[in-house]
Visitor: 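Structure incoming, see below.
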Number of protein chains: 2
Amino acid sequence: MERNRPAAPTPLADVTLIGRHTQQRAVVVKAFIRAEGFVGAQALHNRLAADGSPVGLSTVYRTLTALADAGRADMVRDTSGERLFRYRPGPDHRHYLLCTECGLSRPVDSGPVEDWADTIARTSGFANVRHTVELSEVCPDCGRQRATAEHR
Amino acid sequence: MERNRPAAPTPLADVTLIGRHTQQRAVVVKAFIRAEGFVGAQALHNRLAADGSPVGLSTVYRTLTALADAGRADMVRDTSGERLFRYRPGPDHRHYLLCTECGLSRPVDSGPVEDWADTIARTSGFANVRHTVELSEVCPDCGRQRATAEHR
DNA sequence: CGCTAGATGGGAATGATTTTCAGATCAATG
DNA sequence: CATTGATCTGAAAATCATTCCCATCTAGCG
Ligand SMILES: [Zn+2]
Ligand SMILES: [Zn+2]
Ligand SMILES: [Zn+2]
Ligand SMILES: [Zn+2]
């Protein structure tokens with residue numbers, strides 16, 4: 001739409017971490033950060049279209065996987081196997097509680113698991129151990145609603 | 001083929017746990033148990049075809065997911081998102097180290113994670129917390145081979 | 001032996017993700 | 001500015017695991 005002024009005070013330093021700075025990437029990253037939670041590539045793509053910033057689905061995929069590769073996003077899979085991404089502001093690797101109903105996510109203290117994983121890695125004889133930990137459930141809100149709706 | 005004697009000393013009691021006993025299910029379950037490790041539905045299907053016991057792919061999928069639902073199998077997703085199943089003889093829920101090269105799997109002591117998950121479940125206010133923990137890496141054998149093959 | 005709810009298979013349908021590739025854009029350079 | 005090689009973009013086609021459909025079988029039960 002309009003040209004950026006040179007040396008803009010961009011709050012999107014992240015865009016520069018994943019190759020060339022383009023308008024599309026800026027848009028995707030901005031929307032991704034604004035999302036504040038796990039989003040699927042498709043969902044983000046729809047959201048962008050709705051906001052009047054049409055960006056190719058391929059570009060959304062490319063940007064999200066690039067962010068994940070660069071360590072700026074966490075990636076999980078929902079129960080159907082779809083990938084969900086979440087922006088990671090800091091350098092710390094985290095794990096989250098993820099509501100299977102509404103998608104609300106909350107980081108949890110995962111120190112113990114990290115220690116455990118480290119121990120396994122050290123004692124197993126296996127190299128390059130990586131771990132995936134997902135906690136899924138129904139959040140308080142959804143739980144309440146559900147209790148009201150069903151009688152079981 | 002041939003009729004079973006009544007009250008056969010079947011090592012396949014599991015077949016009866018998931019609905020009607022059919023020849024196909026018996027074949028699938030038997031092969032699944034014999035596999036001793038994580039297998040994908042397609043891989044199992046191929047193996048069966050190779051062994052001259054053609055069973056529909058749909059049936060393999062149905063049987064494996066039924067076993068998983070009945071708690072007789074563990075399910076994980078490999079890095080590409082494909083589902084892998086592993087037969088679970090006992091009632092205990094386990095977690096495994098899974099080699100990303102050759103598929104070798106080894107159960108690990110997951111007590112600490114279970115405790116941690118329980119704590120989260122109790123203190124989070126979330127209901128029905130379930131967890132997924134996967135450890136993936138390269139096993140000693142594959143690691144050695146890799147070191148020999150590449151210089152990095 | 002007959003009946004019927006449940007099971008089978010295989011080909012088509014799904015749906016997320018990836019690839020392709022012909023332009024559009026960019027950053028740098030002269 | 002104009003040029004240019006490197007990168008990026010996106011529409012459409014390709015992949016590929018998994019599911020769906022449904023005509024056809026069969027286990028289980030009188
Ligand atoms: Zn919720
Ligand atoms: Zn961790
Ligand atoms: Zn291995
Ligand atoms: Zn566990």
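A quick note: this is a predicted structure, and the numbers were derived from the prediction, not measured. The analysis underlying the following values was restricted to heavy atoms, covering all of them including side chains, and did not include hydrogens, waters or symmetry mates. Chain identifiers are assigned alphabetically (A, B, ...) following the order of the sequence lines, protein sequences preceding nucleic acid strands; residue numbering begins at 1 within each chain.
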Visitor: Of the nucleotides dG28(D), dC8(D), dA16(C), which has the atom closest to the R25(A) side chain?
Guide: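 Among the listed nucleotides, the one closest to the side chain of R25(A) is dC8(D).
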
Visitor: Using heavy-atom distances to pick each residue's nearest nucleotide on DNA chain D, tell me which of F85(B) and R20(B) is more 5'.
Guide: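 The residue closer to the strand's 5' end, by nearest nucleotide, is F85(B).
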
Visitor: Of the listed nucleotides (dA17(D), dA27(C), dT9(D)), which one gets closest to any side-chain atom of E82(B)?
Guide: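 Between dA17(D), dA27(C), dT9(D), the one nearest the side chain of E82(B) would be dA17(D).
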
Visitor: Could you work out, with salt bridge (charged side-chain N to carboxylate O under 4.0 Å, His left out) as the rule, every residue matching D109(B), not counting sequence neighbours?
Guide: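 Not a single residue meets the salt bridge (charged side-chain N to carboxylate O under 4.0 Å, His left out) criterion with D109(B).
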
Visitor: Roughly, in whole Å, what's the span from CD in Q42(A) to P in dT18(C)?
Guide: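 Going from CD in Q42(A) over to P in dT18(C) covers 11 Å.
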
Visitor: Measure from the side chain of R83(A), starting at C-beta and using heavy atoms only, and say which of dT18(D), dT17(C), dG28(D) lies closest.
Guide: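 So the nucleotide nearest the side chain must be dT17(C).
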
Visitor: Quickly work out the L44(B) CG to dA17(D) P distance and round it to whole Å.
Guide: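 One finds 15 Å between P of dA17(D) and CG of L44(B), rounded.
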
Visitor: Is Q24(A) close enough to dG10(D) that one of its side-chain N or O atoms is under 4.0 Å from OP1 or OP2 there?
Guide: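 Q24(A) to dG10(D) OP1/OP2: side-chain N or O found under 4.0 Å.
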
Visitor: Quick one, which residues of residues 56-78 of chain A touch DNA chain D with a heavy atom under 4.0 Å?
Guide: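 Contacting residues: G56(A), S58(A), T59(A), R62(A).
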
Visitor: In terms of hydrophobic clustering (I, L, V, M, F, W, Y; side-chain heavy atoms under 4.5 Å; direct or indirect links), are V27(B) and Y61(B) co-clustered?
Guide: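 V27(B) and Y61(B): separate clusters.
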
Visitor: Which distance, rounded to the nearest 0.5 Å, do you find between the CG of L135(A) and the OG of S110(A)?
Guide: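 Interatomic distance, L135(A) CG to S110(A) OG, rounded to 0.5 Å: 9.0 Å.
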
Visitor: Round to a whole Å and report the spacing from NE2 of H45(B) to P of dG11(C).
Guide: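 These atoms are roughly 11 Å apart.
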
Visitor: State, with a plain yes or no, whether a side-chain heavy atom of Y96(A) is found less than 4.5 Å away from one of F38(A).
Guide: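 A side-chain contact exists here, since the closest heavy-atom pair is under 4.5 Å.
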
Visitor: Please report the closest heavy-atom contact between H45(A) and G56(A), naming both atoms and the distance.
Guide: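 Looks like CD2-C, 4.0 Å.
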
Visitor: Mind calculating the distance between CG (L48(A)) and C1' (dG10(D)) to the nearest angstrom?
Guide: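 So the two atoms are 14 Å apart, to the nearest Å.
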
Visitor: Report the residue (G40(B) or T22(B)) whose heavy-atom-nearest nucleotide on DNA chain D is the more 5′ of the two.
Guide: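 By nearest-heavy-atom nucleotide position, the 5'-most residue is G40(B).
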
Visitor: Can you say whether the rings of H131(A) and H93(A) are parallel (under 30°), tilted (30 to 60°) or perpendicular (over 60°)?
Guide: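 Judged by the thresholds at 30° and 60°, the geometry between H131(A) and H93(A) is tilted.
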
